[in-house]
Amino acid sequence: MQDTVLVVEDEADVVDLLRYNLERADFEVQIAMTGDLGLAMAREKRPDLIVLDLMLPGMNGHEVCRALKGDPNTEIIPIVMLTAKGEPNERVKGLELGADDYVTKPFSPRELVLRVQALLKRHRLVPRTEIVEVAGIYLNKTNFEARLDGKRFNLTTTEFKLLSLMLERRGRTLTRETLLSDVWGYQNAAIDTRTVDTHMRRLREKLGKYSGRLETIRGEGYRFNAVAES
Ligand code: CA
C-alpha cells in the first residue's frame, strides 16, 4: 500500500515540485493550500506524514503543528516543517512544538524525499496497528500508554488488555468466556467468570464520561458501544 503524504503549502510552484517528486517516489500526495485546511485534512484523512510549510495564510505552520501534536488522534503523524533560509529560530521553535524534522527552503527535492522516507522508516518502529483509538480513548500497545481525551490515565496490565480488546472488537458482544480466554489466557471456562465483572466495574470507574459505552449485555457478556452519545 502506498504511503500518503499531506503537503500543506500555499505556493503553487513549491506544491508542484513536491507533488512531482513525492509521486515519483511512489507516495500518494494530498494538498492543502491553507493551514486551516491542512489541519482539517490531517484530522480527517490521517496521512502517514505531513510536509508543513511555516508561512501559510490563516493558521501558520507552527499553529498547525501545535494543534496536531496536541491532539491524541493526530500526534503520532510525523511532521516535516519547511521554512525559509535564515530563520534559525524558526527551526528551534518548530522542533519545540513537536515537528519531527525540518527542511530549509530552497530545498533539494531529492533531499526532502530522502528525509520523508527516513522519517517514515523511523516512525514504523511504532506501527500504527499498535495504536487503538475510539471516541476519546487512546491506547498505545507498544508502551502501554493510555489517554482519555488526551490526558494520561493509569490502567493495570489486565485492564489495558481488556480495554484494548473491547475497543478493537467494538460493536460486538463478547462473552465472559471469550474475555477470560483472550485476556487472561484461560482456556477453561470453569474459572469464575465474575473475575471479568470485577475488572469491567473497575474499568468503568476509570473511563469517566465514557463508562456508559462499556455495556453489559444481559445473559451474553459485554460490548463497547462506539457510536453512543456519551
Ligand atoms: Ca508558504
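Since the model is a prediction, treat every value here as computed from it, not as a measurement. Residue indices begin at 1 and follow the sequence shown. Atoms within each ligand, like the ligands themselves, are counted from 1 in listed order.
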inquiry  = Which of the protein's N, O or S atoms come within less than 3.0 Å of the Ca ion (ligand 1), not counting waters?
reply    =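 Listed by chain and number, the nearby protein N, O or S atoms are Glu9 OE1, Asp10 OD1, Glu11 OE2, Asp53 OD2, Met55 O.
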
message = Could you work out, with side-chain hydrogen bond (donor to acceptor under 3.5 Å, both in side chains) as the rule, every residue matching Thr173, not counting sequence neighbours?
response =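 With neighbours one apart ignored, the set is empty.
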
ask   = Taking C-beta and beyond as the side chain, do Leu82 and Leu18 meet within less than 4.5 Å on heavy atoms?
value =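 Yes, their side chains come closer than 4.5 Å.
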
message = List the residues meeting side-chain contact (heavy atoms from CB on, under 4.5 Å) with Thr4, not counting sequence neighbours, and say none if there are none.
response =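 side-chain contact (heavy atoms from CB on, under 4.5 Å) list for Thr4, sorted by chain: Glu28, Gln30, Pro47, Asp48.
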
task = Using only heavy-atom distances, determine whether the side chains of Asp149 and Tyr138 contain a donor-acceptor pair under 3.5 Å.
result = no

task = Say whether Thr175 and Thr178, considering side chains only, have a donor N or O and an acceptor N or O under 3.5 Å apart.
result =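 Indeed, the side chains of Thr175 and Thr178 share at least one donor-acceptor pair under 3.5 Å.
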
Would you list the atom pairs, donor with acceptor, under 3.5 Å between side chains in residues 33-41 and any protein atom, with sequence neighbours excluded?
residue	atom	partner	partner atom	Å
Thr34	OG1	Leu37	N	3.1
Asp36	OD1	Met59	N	3.2

